[in-house]
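Worksheet for the structure shown next.
The structure displayed is predicted, hence computed values, not measured ones. The basis for the numbers below is simple: all heavy atoms, side chains too, and nothing from hydrogens, waters or symmetry mates.
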Number of protein chains: 2
Amino acid sequence: MPGPRWRGNFKERGHRMTGPRDAILDVVNKKQGHLTADDIFFEVRKSYPGIGIATIYRTLDLFVRMGLVNKFDFGGGKSRYEFTSKEKHHHHLVCKNCGRVVDYDSFLDEETELIKKIEAELNRKHDFKIDSHQLDFYGLCKSCQREVK
Amino acid sequence: MPGPRWRGNFKERGHRMTGPRDAILDVVNKKQGHLTADDIFFEVRKSYPGIGIATIYRTLDLFVRMGLVNKFDFGGGKSRYEFTSKEKHHHHLVCKNCGRVVDYDSFLDEETELIKKIEAELNRKHDFKIDSHQLDFYGLCKSCQREVK
DNA sequence: GTATGTGCAAACTTTTTGCTTTTTG
DNA sequence: CAAAAAGCAAAAAGTTTGCACATAC
């Protein structure tokens with residue numbers, strides 16, 4: 001049962017709203033936070049049991065192209081997907097041991113200003129059309145600080 | 001023929017300096033810049049023909065643990081390796097279409113200052129022991145700006 | 001000589017693709 | 001009904017692992 005919320009958005013771009021797409025959108029919308037394709041597959045099967053993993057990948061790819069979802073790669077061999085929130089821009093704090101990812105949004109004003117300057121410079125110097133950036137910190141989370149040496 | 005340069009470094013840590021390790025070190029040292037395991041494999045085979053891809057992976061992993069090499073993930077499904085240079089810290093500008101990666105080091109002073117502040121805050125707030133960060137910009141390079149829409 | 005490292009091939013994991021059937025508009 | 005999407009299974013692509021043989025110290 002395709003929800004009404006995104007219908008227009010899809011139609012405009014020549015895509016169809018379908019059961020699987022609605023179910024996937026629902027999951028990334030509710031369970032936001034760095035989900036792997038498999039996380040999403042697992043979760044979506046609860047509301048849409050017949051779905052296949054290929055549909056998960058194809059749909060996430062579509063959502064990324066539509067700007068509904070952001071795709072990240074923190075290392076570890078799996079891509080991570082996150083609903084494109086209308087809320088505050090944020091970055092990530094990644095534990096190198098357990099892979100846990102924490103969002104943060106400190107000093108965003110200063111950051112935004114600096115990022116703007118860098119973007120302008122890079123645009124000019126390297127002729128890149130920049131549309132996004134990613135600032136991630138890597139380290140060990142509280143519990144992994146003991147375990148690992 | 002294992003070079004003398006890194007011998008001590010290896011011995012200290014209970015590792016042995018071997019032909020393959022020397023050859024790999026040589027390649028990442030000379031051809032610096034975001035190499036994939038396969039790039040390195042291809043290159044190393046010129047000076048050490050019998051080498052296997054497994055050795056490349058195992059050795060790069062060792063080098064990462066030893067701090068000789070940094071491992072990155074820009075998306076695209078391949079890990080990238082870069083010699084841990086004593087030179088200026090830098091970040092990356094990644095083309096989302098062709099995967100080309102350009103280094104940049106603009107505004108590093110301002111950046112360093114900001115990064116320090118954020119690190120301190122994150123350390124305190126989330127109890128993470130941060131040891132590195134990565135700031136990457138994504139966009140389309142000159143030639144891909146036409147090709148892709 | 002013994003522990004460590006290597007090569008090879010097989011295994012694993014994540015992601016993609018081909019093709020037939022199903023569904024949407 | 002025609003075009004787009006889904007399901008399934010097979011294939012790719014990248015990386016890891018097991019094991020017998022080779023090498024460093």
Side-chain angles (χ1 to χ4, degrees), chain A residues 1-4 6-25 27 34-42 44-45 47-66 68-69 71-81 99, chain B residues 1-25 34-42 44-45 47-66 68-69 71-81 99:
Chain A
M1 29 21 201
W6 311 97
R7 267 246 166 67
N9 226 315
F10 279 81
K11 220 171 189 173
E12 274 171 30
R13 307 187 185 222
H15 301 298
R16 296 176 180 178
M17 182 39 104
T18 66
R21 287 179 182 175
D22 192 59
I24 292 169
L25 206 41
V27 166
H34 330 113
L35 303 167
T36 65
D38 215 61
D39 292 338
I40 295 166
F41 182 44
F42 185 82
V44 170
R45 268 200 293 190
S47 63
Y48 200 99
I51 200 163
I53 188 72
T55 300
I56 301 287
Y57 279 105
R58 282 191 275 234
T59 303
L60 287 171
D61 189 58
L62 173 68
F63 289 177
V64 169
R65 276 174 298 151
M66 292 178 72
L68 292 174
V69 161
K71 183 178 181 180
F72 296 99
D73 211 324
F74 303 130
K78 301 178 191 186
S79 295
R80 307 285 189 139
Y81 301 86
Chain B
M1 30 16 200
R5 275 164 303 170
W6 310 97
R7 268 247 166 67
N9 227 315
F10 278 80
K11 219 171 190 173
E12 274 171 30
R13 306 187 185 222
H15 301 299
R16 295 175 179 178
M17 182 40 102
T18 66
R21 288 178 182 176
D22 193 58
I24 293 169
L25 205 41
H34 331 113
L35 304 167
T36 64
D38 217 61
D39 293 337
I40 295 167
F41 183 44
F42 185 82
V44 170
R45 268 200 292 193
S47 62
Y48 200 99
I51 201 163
I53 188 71
T55 299
I56 300 286
Y57 280 106
R58 281 191 279 234
T59 303
L60 287 171
D61 190 57
L62 173 68
F63 288 176
V64 169
R65 276 174 299 157
M66 291 177 71
L68 292 172
V69 161
K71 184 178 181 178
F72 295 100
D73 211 324
F74 303 129
K78 301 178 193 187
S79 294
R80 307 284 191 140
Y81 301 86

| said: I'd like to know whether B/K78 forms a side chain to side chain contact (heavy atoms under 4.5 Å, CB included) with B/D38, so could you lay out the CA-CA distance, the side-chain angles of the two residues, the decisive distance to 0.1 Å, and finally the verdict. | reply: CA-CA 9 Å; B/K78 301 178 193 187; B/D38 217 61; 6.0 Å; no
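- Distance A/D39 CG to C/dT13 P: 16 Å, rounded to the nearest Å.
- Under the side-chain contact (heavy atoms from CB on, under 4.5 Å) criterion, A/Y57 pairs with A/A37, A/I53, A/Y81, not counting sequence neighbours.
- As rounded to whole Å, 10 Å separates atom P of C/dT6 from atom CE of B/M17.
- At least one side-chain heavy atom of A/T36 sits less than 4.5 Å from a side-chain heavy atom of A/R80.
- The CZ atom of B/F41 sits 15 Å away from the P atom of D/dT16 (whole-angstrom rounding).
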| said: Is there a side chain to side chain contact (heavy atoms under 4.5 Å, CB included) between A/K71 and A/F63? Walk through the geometry before answering. | reply: CA-CA 10 Å; A/K71 183 178 181 180; A/F63 289 177; over 6 Å; no
| remark: In 5'-to-3' order, the base (B), backbone-only (S) or no-contact (-) status of each nucleotide in nucleotides 4-15 of chain D, using a 4.0 angstrom heavy-atom cut-off, is BSSBBB----SB
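- Counting to the nearest Å, the C1' atom of C/dG5 and the NZ atom of B/K11 are 16 Å from each other.
- The CZ atom of A/F10 sits 8.5 Å away from atom CG of A/D22, with the distance rounded to the nearest 0.5 Å.
- Following rounding to the nearest Å, B/I56 (CD1) and D/dT17 (C1') show an atom-to-atom distance of 17 Å.
- C/dT4 atom C1' lies 14 Å from atom CE of B/M66, rounded to whole Å.
- Rounding to the nearest 0.5 Å places CZ of B/R65 at 10.5 Å from CZ of B/R13.
- Overall, the helix from C/dG1-D/dC25 to C/dG25-D/dC1 carries an axis bend of 30° between its ends, with five pairs at each end and the value rounded to 10°.
- B/G75 and A/D73 make their closest contact through CA-OD2, 3.3 Å (heavy atoms, listed as atom of the first residue, atom of the second, distance).
- We find that CD1 of B/I24 is positioned 11 Å from C1' of C/dG5, with the value rounded to whole Å.
- The line from CD1 of A/I56 to CG of A/D39 is 10.5 Å long, rounded to the nearest 0.5 Å.
- Between B/I51 atom CD1 and B/I24 atom CD1 the span is 4.0 Å, to the nearest 0.5 Å.
- Atom pair B/D61:CG and D/dT16:P shows a separation of 7 Å (rounding to whole Å applied).
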